[in-house]
Amino acid sequence: MTMAERDVLILGIETSCDETAAAVTRNGREVLSNVIASQIDVHKVFGGVVPEIASRQHLTAINRVVEAALAAAGASNKRLDAIAVTKGPGLVGAILIGLATAKAMSFALGKPLVGVHHIRGHICAALIEHTELEPPFLALVVSGGHTSLVDVHGLPDDMTVLGGTRDDAAGEAFDKVARVLGLGYPGGPKLDALAKEGDPKAVFFKRVTLEDGSLDFSFSGIKTGVLNYINSRKQAGLPVCEADVAAGFQESVIDVLSIKTRDALALTGYKSLVLAGGVAANSALRARMREDTEKAGINLFIPSQILCTDNAAMIACAGYYQYMAGNTDTLSLDAYATLPL
Ligand code: KG4
Ligand code: ZN
């Protein structure tokens, strides 16, 4: 790898949930390496992420992951311009492992430390493969912890949240319904696969759109809706087609996301939409957003699957814009379970 003197290299570190990840980007959007050590196998037996186990796993993996990311990028740690790390929101014990690693490197190497908001990272993931994408744009962030419509006026941090979930996040609803259907963890991708075999019109679940004009979401009722449907079928001695339930549930969530996104686009007048976060990996949601935006003449930007779910390339990308804006942190930077955008 030939590196120009003026190239800005950022190491990104992400440990907010169950992926230990490190990546190196050049000049913000070019990914030189993107290493992800998944903990899925460890948490699978418990049916979900166990925070304390996640922290321990991060601790075991982090040094290897960072070294692998530097090696794959062909960059020595001395050549780095800054170290970007997720500061929140997420599991505090898990974030602390990445944060301690980033701080130690920042101190030892004398390089700036850049604390990155995880959701800003998800939004920046769309910049990586779409070099033509520039603010302003609307971002629909759908992950395990968030469902937000964000007006992105400018980078790194000129963003306004237009609407968010009042209870469960979209990914959380996928995970809970997957558990009800006995699909196990991680629920979202399994439900996505099962829904492909079902009829989305066979079982109807209520679309909760809240009061007129609101861009907020509410997904907590849908899990109860699914449970009630299954119980009433069983009580009546009728069979339950799990694939139809999965497809009907998925269609309901996607309808609501589609309606609110259309309203937010109308409100902002923006012609560009970014779909980001783990749930953006959902095949039916991607297809629907493509359909909606084609009809409305909106440019749609979706990261490839590997950049939708948690990764450190998105953190390094967001960190680049903060570093260039002089938005760096001291070694007293904290980890946050919740953090406003
Ligand atoms: O962004 P992410 O990797 O982690 C958080 O920041 O939360 O998102 C994880 C969420 C989980 O709820 C997972 O079930 C969901 O994204 N997810 C999916 C799919 N892939 C991941 N949900 C639906 N369909 C998928 N294909
Ligand atoms: Zn995430």
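Atoms within each ligand, like the ligands themselves, are counted from 1 in listed order. Since we're looking at a predicted model, the values are computed, not measured. The first residue in the sequence is number 1, and the count goes up from there.
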Indicate, with yes or no, if [Y] and [X] share a hydrophobic cluster defined by side-chain heavy-atom contacts under 4.5 Å among Ile, Leu, Val, Met, Phe, Trp and Tyr.
X	Y	answer
Y320	V274	yes
I123	L149	no
I53	V49	no

Atom 16 (O) of ligand 1: which of A169, G171, G278 has the nearest heavy atom? G278
Relative to atom 13 (C) of ligand 1, which among L285, D192, D175, N282 owns the nearest non-hydrogen atom? D175
Would you check if D310 and H122 make a side-chain contact, meaning some heavy-atom pair closer than 4.5 Å? yes
For D310, what is the atom name of its N, O or S atom nearest to the Zn ion (ligand 2)? OD1
Parallel, tilted or perpendicular: ring planes of F217 versus F219, cut at 30 and 60 degrees: parallel
Please identify which atoms of ligand 1 are closer than 4.0 Å to at least one heavy atom of [X].
X	result
G145	7 (O)
H118	6 (O)
H122	1 (O), 6 (O)
F174	23 (C)
A281	20 (N), 26 (N)
G188	14 (O), 18 (C), 19 (C), 22 (N), 23 (C), 24 (N), 25 (C)

Below a 4.0 angstrom heavy-atom separation, can you tell me which part of P189, side chain or backbone, both or neither, approaches ligand 1? both
Would you kindly specify which portion of T309 sits under 4.0 Å from ligand 1, judged on non-hydrogen atoms: side chain, backbone, both or neither? both
Between the main-chain N or O of [Y] and the side-chain N or O of [X], is there a donor-acceptor pair closer than 3.5 Å?
X	Y	value
E129	S304	yes
D216	G163	no
N27	D7	no

Can you tell me which residue and heavy atom of the protein come closest to atom 15 (C) of ligand 1, and the distance to 0.1 Å? V279 CG2, 3.9 Å
Protein heavy-atom partner closest to atom 3 (O) of ligand 1 - residue, atom, separation in Å: D310 N, 3.1 Å
Going through the distances and angles, do K223 and D168 end up as a salt bridge (charged side-chain N to carboxylate O under 4.0 Å, His left out)? CA-CA 10 Å; K223 187 194 87 172; D168 289 358; over 6 Å; no
Does any N or O of ligand 1 fall below 3.5 Å from an N or O anywhere on G144, backbone included? yes
Is H118 close enough that one of its N/O/S atoms sits under 2.8 Å from the Zn ion (ligand 2)? yes
Does any N, O or S atom of H122, backbone or side chain, fall under 2.8 Å from the Zn ion (ligand 2)? yes
I need the single residue from R262, K201, R288 that forms a salt bridge (charged side-chain N to carboxylate O under 4.0 Å, His left out) with D255. Which is it? R288
